[in-house]
Amino acid sequence: MPYEHILTETPAEDVGLIRLNRPQALNALNGPMMLEVYDQLEAFDADPQIGCIVLTGSEKAFAAGADIKQMAEANAVAIMTDDFTDWSRIGRIGKPIIAAVSGWALGGGCELAMWCDMIVASETARFGQPEIKLGIMPGAGGTQRLTRAVGKALAMEVMLGDRNLSAAEALQYGLVNRVYPVESYLDEAIKLGQKIAGMPQVAVRLIKDAVNKAYELSLSEALDYEKHSFYILFGTEDKAEGMQAFVEKRAPQWKNR
Ligand code: CO8
């Protein structure tokens with residue numbers, strides 16, 4: 001099905017790429033665009049050839065936030081019932097998602113990057129949550145995810161004082177994984193995606209899931225969750241192959257089962 005607001009490709013046979021594509025609005029996020037993003041994330045998640053997904057925008061803007069022109073018309077009930085507001089479909093994607101961020105990642109754009117599992121940034125990336133200047137606040141996870149990533153003091157300043165973080169600051173405070181020149185950040189994100197896609201995929205899924213549990217469960221519950229996932233991997237062909245390959249001093253051939 002052709003999309004209107006995103007572009008998709010497979011730059012490597014095992015990496016799926018989604019590009020936000022509303023350049024006239026700096027990739028401002030609206031309901032139809034988010035539905036396309038969810039649909040394509042789910043399509044890549046269901047595709048056995050794909051091991052990792054990269055979500056990107058343009059060099060100028062990952063996304064400059066939710067579409068203010070659309071939100072300007074909305075009342076409380078409209079915003080509550082709009083497709084736009086339920087981002088939980090992103091949280092149900094089993095494969096790792098890497099955000100490749102250049103330029104503006106503001107408001108919902110910063111939140112969308114933080115829904116992803118890792119962030120690779122260009123040197124020009126700028127992260128911020130300027131919702132307060134519109135009389136609102138972050139609504140897609142910003143108050144929680146930014147705080148957990150960079151700490152309370154800085155998160156307060158970003159959200160209350162409209163302070164954007166440069167790529168270097170985002171790296172320093174642990175919001176992003178890596179920073180590259182604008183010419184290479186997307187290629188580097190795809191290369192990281194290929195590296196992950198080359199790992200045994202059952203373990204990849206269970207590790208992603210267990211790391212995310214660090215945000216949702218108590219430590220003892222999360223440690224139990226990890227242990228049970230660890231036991232499950234002992235029933236996989238990849239566990240047998242990985243250990244046999246180590247003993248035989250050869251590269252493993254993953255079956256992803
Ligand atoms: N929404 C709609 N249109 C936008 C947006 C946006 N967020 N950002 C930029 N645009 C449009 C501009 O209106 C302009 O269009 P036009 O040419 O038709 O006037 C075009 O993009 C280019 O923008 P600028 O001319 O402003 O470009 P500049 O380079 O001068 O400035 C900025 C770039 C600084 C990024 C500036 O555009 C800006 O401040 N944008 C708004 C940033 C913002 O406030 N973002 C937060 C929005 S609120 C939000 O994201 C809440 C998320 C809640 C999710 C909740 C789900 C439950």
Side-chain angles (χ1 to χ4, degrees), residues 14-16 18 34 37-38 40-48 50-55 85-101 105 108-121 127 129 138-155 158-159 170-171 173-178 189 192-240 242-243 254-257:
D14 47 7
V15 176
I18 300 175
M34 291 307 293
V37 170
Y38 306 145
Q40 189 54 41
L41 285 173
E42 286 166 4
F44 281 142
D45 206 30
D47 182 342
I50 299 296
C52 191
I53 304 166
V54 175
L55 176 62
T85 50
D86 180 14
W87 293 27
S88 59
R89 282 172 70 186
I90 306 173
R92 289 195 290 275
I93 300 299
K95 291 172 185 169
I97 310 171
I98 300 171
V101 175
C110 185
E111 291 174 306
L112 180 58
M114 292 190 292
W115 270 90
C116 298
D117 301 300
M118 284 164 274
I119 303 177
V120 172
F127 298 86
Q129 300 283 170
T143 59
Q144 304 308 301
R145 290 203 174 90
L146 188 69
T147 305
R148 288 164 197 232
V150 306
K152 175 180 163 183
L154 184 55
V158 168
M159 285 180 261
L171 184 65
Y173 292 109
L175 178 62
V176 311
N177 294 70
R178 305 169 182 200
L192 178 59
Q194 283 183 283
K195 189 170 181 191
I196 293 166
M199 299 293 177
Q201 292 299 304
V202 185
V204 166
R205 261 177 193 266
L206 292 182
I207 291 169
K208 165 172 167 159
D209 221 20
V211 171
N212 281 327
K213 287 288 181 283
Y215 288 101
E216 285 158 23
L217 302 177
S218 69
L219 179 59
S220 61
E221 289 167 326
L223 288 173
D224 271 348
Y225 188 88
E226 179 196 77
K227 203 166 16 170
H228 287 101
S229 299
F230 177 76
Y231 297 153
I232 289 170
L233 289 175
F234 277 68
T236 63
E237 289 181 34
D238 286 341
K239 174 264 172 188
M243 296 200 181
W254 304 124
K255 299 278 192 328
N256 297 330
R257 55 180 188 246

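All residue numbers refer to positions in the sequence shown, counting from 1.
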- Are the side chain of D14 and the backbone of I50 linked by a donor-acceptor contact shorter than 3.5 Å? no

- Message: Given 3.5 Å as the limit, does a donor-acceptor pair link the side chain of K208 with the main chain of I93, or not?
- Response: yes

- Query: Nearest heavy-atom pair of V54 and A189: which atoms, and what distance?
  - Reply: CG2-O, 3.9 Å

- Query: Looking only at heavy atoms, what is the nearest atom pair of A105 and C110, with distance?
  - Reply: O-CB, 3.2 Å

- Query: Nearest heavy-atom pair of L55 and C116: which atoms, and what distance?
  - Reply: CD2-SG, 3.9 Å

- Item | Min side-chain heavy-atom separation L192-I98 under 4.5 Å | yes

- Roughly how far, to the nearest 0.5 Å, is CG of D224 from NZ of K213? 13.0 Å

- Message: Treating W115 as the side-chain partner and A140 as the backbone partner, does any N or O pair qualify as donor plus acceptor under 3.5 Å?
- Response: yes

- Task: Would you mind reporting whether L146 and F127 have side-chain heavy atoms less than 4.5 Å apart?
- Result: no

- Short question: side chain of D45, backbone of K95 - any donor-acceptor pair under 3.5 Å? yes

- Message: Less than 4.5 Å apart, side chain to side chain, heavy atoms only: is that true for D238 and Q201?
- Response: no

- Does I97 offer a backbone N or O that forms a donor-acceptor pair with the side chain of D117 under 3.5 Å? yes

- Query: Are the side chains of M199 and I207 in touch, meaning some heavy atoms are under 4.5 Å apart?
  - Reply: no

- Any sub-3.5 Å donor-acceptor pair from E111's side-chain atoms to G139's backbone N or O? yes

- Message: Can you tell me how far apart CE (M159) and CG (L154) are? Round to the nearest 0.5 Å.
- Response: 9.0 Å

- Task: Compare all side-chain heavy atoms of L175 with those of M114 and state whether any distance is below 4.5 angstrom.
- Result: yes

- Close side-chain approach of L112 to I90, heavy-atom, < 4.5 Å: yes

- Query: Roughly how far apart are Y38 OH and D86 CG, rounded to 0.5 Å?
  - Reply: 6.0 Å

- Least distance between heavy atoms, P138 atom then G142 atom: CB-CA, 3.9 Å

- Query: Should we count CD of E226 as having more than 12 external heavy atoms under 6.0 Å?
  - Reply: no

- Above 12 or not: heavy atoms from other molecules or residues under 6.0 Å from CZ of R89? yes

- Item | G51 versus P96, closest heavy-atom pair with distance | O-CD, 3.7 Å

